[in-house]
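Written out below as structure tokens is the structure these notes cover.
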Amino acid sequence: MSNTTGTGSTPAPASAPKGGDDREELGAAGSQLSTAPQEDAPGPPSMGVIGWARWFWRQLTSMRVALLLLFLLSLGAIPGSLIPQSGTDETKVADFMRRHSFVGPIYEKLGLFHVYSSVWFSAIYILLFVSLIGCIVPRTWQFVGQLRSRPPGAPRRLTRLPAYTTWRTEAEPEQVREAALVLLRKRRFRAHVAGDAVAAEKGYLREVGNLAFHIALIVMLTSFAWGQLYKSEGNKLILEGDGFSNTLTQYDDFKSGTLFDTDDLDPFSFHLDDFKGTYETTGPNRGTPRTYEADVDYSVGAYGKPRKRTIKVNEPLVVGDSKVYLTAHGYAPVITVRDGKGDIVFDQAVALLPLDSNVTSSGAIKVMDGYRNPEGVEEQLGIQAFFLPTYVPGNEVASQFPALENPVLNLAPYHGDLGVNAGLPQSVYQLDKTHMKAYKDAKGQQVRENLKPGETMQLPGGAGSVTYEGTQEWANFQVTRQPASGWALGGAIVAVFGLAGSLFIQRRRVWVRAVRGSDGVTVVEMGGLGRSESAKVPEELGDIAGILYDQAPGAPDPETPDPDPDTSAVPAEGAEK
């Protein structure tokens, strides 16, 4: 450590921190510079039930247990991401059970098909909550007490501090202490005069950031849990000109959290007026979507006034807690089917599902009622449809561009029983051909034909006709309701800033002692102490000492008279020669 006495020059630089500083000898000045609880040494309790309960509570609220629980929570989320979840996709869970007859029942008993609502995951979640709260409450109370108290007085020997400097000055001790008090407060230290020294402390924002980080974690965990329990998510495919009302029966598919209730659905409806999609026409990105826009009229409540809105990708319609996202688009050929007498038995747009980025689409047209074959027997028609928005002659496999530049609809008709009356669910986009027969031409080949808008395909034997009238567009909307998502975002932001503050802000203490020496000259001592050994404390102390030295310049050392060279060599009387 530097322990120099000034001789009219500037004070020596504050020494760099040394390892192994003895905080016990510093008394209150060396008390803990944080609100982190001091954990007891591991060992069994010795006070019966109360002792065991106290020991268990201290272990649960310790930092190492909190980190362990957070790690276990992260591990528990892994199977929830890799294994199909019953709350998300029951079909995938059933398929997994069918393909894995041995591990499937084991996974089911362990709750791996519903991880986030399982007993073991909930237990970890709740224990982490209790651990964080049990850690935060006493730390907050301790920090409030520190804010209400004053920085501790200077230790008896400042030379034991990691950063130290001293010099002599002719200024009065009171003047030095007053100047130090003003200087430290100007540098945003909490400072006061304690006896013969000025005590100052700085860096409380470190503890504020630390507490904010832990509180933000609780807010985030609470928000995530709340969102999972009360969330809802549904999809709806809507043709141009059609509408949607936010009721459960209107969705194509719907999934929700455990505590969700249908009364939680926000009352609104909207009508799809028009869908517009533009694409890159040249260059290496040809066919890439430039804009997807859906013009809708929406209203809130049963008697809400209609309002216009354009929904774009990543620009949802927000109604209450619900957000309506535009997620996909495709084409719906308008089909008219007539029986052998020329009567219309089917006349509507049929949505087809895209297969690639150029919106090559496929689907099924199902005529379930009203059709009779040439013999007058009631049958059902099923037509396999394959649609190319931009058809290039010679390439009947895929569309060459996603826009409707040269649309062609390929149809392959079947007749018989669609199986829709069997009581088993089936996709509206797939054709079950188990009880269906393909129409054959005169050569015995399956009837298959390419149609352009306005063209008609005649079914063999006077069985009727199929006309491709034109093409409509459809848009798929996803309606999500994620309660507490704003709280989760706010908690994440606070956690980031709180963690940054706890890492980069250092809490430290500075003392300036000014006392009159035995020779009547004022001796100034300065010491600094940080939470951890860092070069910042001596650097800051040296900076403060330099400014204070300018206000209280150093005094010369007392001169010691040189011995007389003539008499010094003469031995004293009686001395031995």
Side-chain angles (χ1 to χ4, degrees), residues 1-3 6 11-18 21-36 38 142-169 171-208 210 505-517 522-552:
M1 294 183 183
S2 173
N3 190 355
S15 62
K18 300 194 308 181
D21 57 303
D22 192 357
R23 298 289 176 92
E24 295 182 358
E25 294 189 9
L26 298 179
S31 60
Q32 196 175 15
L33 283 166
S34 74
T35 56
Q38 295 182 353
Q142 181 182 348
F143 183 58
V144 171
Q146 291 178 358
L147 290 177
R148 296 177 62 183
S149 62
R150 289 186 171 188
R156 186 168 59 88
R157 289 183 288 182
L158 292 177
T159 54
R160 291 188 174 275
L161 297 178
Y164 173 81
T165 188
T166 182
W167 73 93
R168 292 157 48 88
T169 181
E172 294 296 324
E174 294 78 8
Q175 295 177 352
V176 175
R177 289 194 289 268
E178 184 63 29
L181 183 64
V182 173
L183 174 60
L184 290 169
R185 287 178 174 174
K186 187 180 295 185
R187 297 176 72 94
R188 297 190 301 276
F189 278 84
R190 293 180 62 204
H192 71 105
V193 178
D196 59 359
V198 176
E201 192 167 359
K202 187 179 182 181
Y204 288 88
L205 285 178
R206 178 189 183 95
E207 300 307 322
V208 173
N210 203 343
I505 298 176
Q506 184 179 13
R507 189 168 168 188
R508 59 268 191 200
R509 292 169 181 163
V510 171
W511 293 274
V512 181
R513 173 175 286 143
V515 294
R516 194 177 301 279
T522 301
V523 178
V524 181
E525 290 183 291
M526 295 184 65
L529 179 66
R531 181 182 175 185
S532 59
E533 296 181 354
S534 170
K536 185 174 182 179
V537 175
E539 288 176 2
E540 186 173 35
L541 185 68
D543 187 21
I544 297 173
I547 298 175
L548 186 60
Y549 184 85
D550 293 337
Q551 302 179 26

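In this chain, residues are counted from 1 in sequence order.
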Could you pull out the closest heavy-atom pair between [X] and [Y], with the gap in Å?
X: Arg206; Y: Gln506; answer: NH1-CA, 4.0 Å
X: Thr165; Y: Ala545; answer: CG2-CB, 4.0 Å
X: Pro152; Y: Ala199; answer: O-CB, 3.2 Å
X: Leu158; Y: Gly527; answer: CD1-N, 4.4 Å
X: Leu161; Y: Tyr164; answer: O-CB, 4.4 Å
X: Gly528; Y: Leu541; answer: N-CD2, 3.8 Å

In the structure I gave you, are the side-chain heavy atoms of Phe189 and Ile544 within less than 4.5 Å of one another anywhere?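 The answer is yes, as the side chains (C-beta and beyond) meet within the 4.5 Å cut-off.
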Are Phe143 and Val208 packed together at the side-chain level, in the sense that at least one heavy-atom pair is separated by less than 4.5 angstrom?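 Yes. Closest side-chain heavy atoms under 4.5 Å.
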Going by the rule side-chain contact (heavy atoms from CB on, under 4.5 Å), which residues pair with [X] if we only count those two or more places apart in sequence or in a different chain?
X: Arg150; value: His192
X: Ala197; value: Ala154, Arg513
X: Ile547; value: Leu183, Arg187, Asp543, Gln551

Donor-acceptor pairs are to be reported for all side-chain atoms of residues 171-179 against protein atoms at under 3.5 Å, with residues two or more places apart or in another chain.
unit_1 : atom_1 : unit_2 : atom_2 : d
Glu172 : OE1    : Arg516 : NH2    : 2.3
Arg177 : NH1    : Ala514 : O      : 2.5

Donor-acceptor contact present, side-chain Trp511 to main-chain Glu525, <3.5 Å: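 No; zero donor-acceptor contacts below 3.5 Å.
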So how far is it from [X] [atom1] to [Y] [atom2], rounded to the nearest 0.5 Å?
X: Glu207; Y: Arg507; atom1: CD; atom2: CZ; value: 5.5 Å
X: Glu201; Y: Gln146; atom1: CD; atom2: CD; value: 7.0 Å
X: Arg168; Y: Thr522; atom1: CZ; atom2: OG1; value: 9.5 Å

Once side-chain hydrogen bond (donor to acceptor under 3.5 Å, both in side chains) is applied, do any residues pair with Arg190, and if so which ones, sequence neighbours excluded?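 Arg190 satisfies side-chain hydrogen bond (donor to acceptor under 3.5 Å, both in side chains) with Tyr204 once adjacent residues are dropped.
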